[in-house]
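Only one structure is covered here, and it is reproduced in the block below.
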Amino acid sequence: MKQTLIFLLLAVIFLGCGLSSFPLAKSDPTITPTFVVAQFNTATPTPTVVTDSPQEQAEPESPTPAPTFTPLPSPTPMITPIEPPTATPTSPVEPTLPPEPPPLSTPVPPADTPVSPPVPNVDFVMRFVRLRTNEENSWDGVLGAGQCGNDHSIYVHVADAQENLLDGVLIGDKFGNFEVPTGVDGPGAVRILVWSATMELAVMGHQDGTRYTSDFTPPLSTLDEDIPPEWLQEAGYCESPEDCQWRVENNQLCRGHYSYDVIFQRMW
């Protein structure tokens with residue numbers, strides 16, 4: 001009897017659940033159930049009802065398990081952040097001086113060390129040249145106002161390395177027009193007349209036939225325009241280079257009447 005009641009109770013429950021899924025014939029309002037059958041993941045065992053006949057036995061419905069959800073894996077970032085490198089403080093680098101240049105093959109003497117002049121590659125060098133003053137150029141050294149001396153000569157002296165005057169040394173011009181020996185106009189001296197011309201002189205040799213090499217003088221002239229203005233000023237012919245130039249252009253000097261002193265010295 002007890003089993004029959006349990007069976008009836010379960011039948012009522014199943015019928016109630018089955019009827020709720022079919023529409024009613026009448027247009028009555030929908031009946032809202034007052035309870036909900038809970039669903040579990042694990043099926044609850046159903047009691048077995050034993051009946052007297054096989055027709056009265058009904059198979060219980062298996063509860064439908066609730067769907068389970070598998071959580072998706074966390075998305076993997078496509079870009080891996082890179083931490084910026086940590087700057088490591090470094091000690092300041094001391095500047096390095098460039099290497100010293102190698103010494104020159106020929107040492108340069110200090111500025112305060114006297115340097116010997118180069119040895120000339122000639123036998124005779126010109127040691128002195130000068131334009132004589134107007135008073136020196138007069139025959140007797142006496143001149144009136146505005147007068148010029150009458151001389152027009154080059155006075156040449158020749159000496160050796162110990163400054164001893166030498167006779168018989170031949171003096172000539174650059175173009176080979178003449179050669180005259182020293183000693184004819186005094187010890188180691190010779191006078192060469194210049195007639196409105198310009199000359200460059202040098203030692204050519206000796207009367208015994210020996211030939212020498214020598215420096216030449218600068219151009220020595222008796223023409224106003226061929227004399228450097230500085231020479232004219234130093235000799236007292238004018239007050240300044242500008243005054244000398246004006247006198248040259250206006251013929252206010254002593255054209256044709258100038259004289260010079262020259263000294264040649266042997267190197268041995």
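We number each residue from 1, following the sequence as shown.
Within the 4.5 Å cutoff, the side chain of Ile171 has heavy atoms near those of the Val203 side chain. Using a 4.5 Å heavy-atom threshold, the side chains of Val262 and Ile154 count as touching. Within the 4.5 Å cutoff, the side chain of Met199 has heavy atoms near those of the Phe178 side chain. Side-chain contact between Val190 and Tyr155 is absent, with no heavy-atom pair separated by less than 4.5 Å. Counting heavy atoms from C-beta on, the side chains of Asp123 and Met267 never come closer than 4.5 Å. No side-chain heavy atom of His257 sits less than 4.5 Å from a side-chain heavy atom of Asp151. Between Leu223 and Ser196 the shortest side-chain heavy-atom distance falls below 4.5 Å. Residues Arg211 and Met204 are in side-chain contact: their nearest non-hydrogen atoms beyond the backbone lie under 4.5 Å apart.
In this structure, the separation between CZ on Arg266 and CG on Asn164 is 9.0 Å, given to the nearest 0.5 Å. Rounded to the nearest 0.5 angstrom, Cys254 SG and His152 NE2 are separated by 12.5 Å. For the atom pair OG (Ser138) and CD (Gln147), the distance works out to 9.5 Å, reported to the nearest 0.5 Å. For the atom pair Leu170 CG and Asp208 CG, the distance stands at 8.5 Å (nearest 0.5 Å).
Hydrophobic cluster membership is shared by Ile192 and Val184, with clusters built from Ile, Leu, Val, Met, Phe, Trp and Tyr side chains linked at under 4.5 angstrom. Under the 4.5 Å side-chain heavy-atom criterion for Ile, Leu, Val, Met, Phe, Trp and Tyr, Val180 and Leu220 are members of the same hydrophobic cluster. The hydrophobic cluster containing Ile263 does not contain Trp231, counting ILVMFWY residues as joined when their side-chain heavy atoms lie under 4.5 angstrom apart, directly or transitively.
For Tyr260 (side chain) and Val156 (main-chain N/O), no donor-acceptor pair under 3.5 Å exists by modelled atom type. Looking at Asn250, its side chain does come within 3.5 Å of a backbone N or O of Trp246 through a donor-acceptor pair.
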**OP:** Apply side chain to side chain donor-acceptor pair (under 3.5 Å) to the pair Tyr258 and Asn134, showing each step before the final yes or no.
**Re:** CA-CA 8 Å; Tyr258 299 98; Asn134 191 30; over 6 Å; no
Subject >> Step-by-step side-chain contact (heavy atoms from CB on, under 4.5 Å) determination, Tyr212 to Thr210 >> reply: CA-CA 7 Å; Tyr212 296 132; Thr210 304; 3.5 Å; yes
**OP:** Dump the intermediate steps for side-chain contact (heavy atoms from CB on, under 4.5 Å) on Leu131 and Ile227, then the final yes or no.
**Re:** CA-CA 9 Å; Leu131 175 66; Ile227 303 173; 4.2 Å; yes
Original post:
Going through the distances and angles, do Phe128 and Met126 end up as a side-chain contact (heavy atoms from CB on, under 4.5 Å)?
Top reply: CA-CA 6 Å; Phe128 180 79; Met126 188 193 72; over 6 Å; no
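Considering all non-hydrogen atoms of both residues, Leu253 and Cys244 come closest at CD1-O, 4.3 Å. Closest approach of Thr198 to Ser221, counting heavy atoms only: OG1-OG, 2.7 Å. When every heavy atom of Leu166 is checked against every heavy atom of Thr182, the shortest pair comes out as O-OG1, 2.7 Å. Ala161 and Gln265 make their closest contact through O-NE2, 3.2 Å (heavy atoms, listed as atom of the first residue, atom of the second, distance). Annotation for Ser214 and Ala202: closest pair OG-CB, 3.8 Å, computed over non-hydrogen atoms. In this structure, Cys238 and Asp243 approach most closely via the heavy-atom pair CB-OD2, 3.3 Å.
The 12-atom threshold is not exceeded at CZ of Phe175, counting heavy atoms of other residues, nucleotides or ligands nearer than 6.0 Å. Around atom CD of Glu225, more than 12 heavy atoms belonging to other residues, nucleotides or ligands sit under 6.0 Å away.
Between Asp261 and Arg132 there is a salt bridge, with a side-chain nitrogen of the basic residue lying less than 4.0 Å from a carboxylate oxygen of the acidic one. Ion pairing of Arg130 with Glu136 is present here, as a side-chain N (NZ or NE/NH1/NH2) and a carboxylate O approach within less than 4.0 Å.
With ring centers used as reference points, Phe264 lies 6.0 Å or more from Phe124.
Screening residues 159-175 for salt bridge (charged side-chain N to carboxylate O under 4.0 Å, His left out), with sequence neighbours left out, gives Lys174-Glu200.
With sequence neighbours left out, Glu242 forms a salt bridge (charged side-chain N to carboxylate O under 4.0 Å, His left out) with no residue at all.
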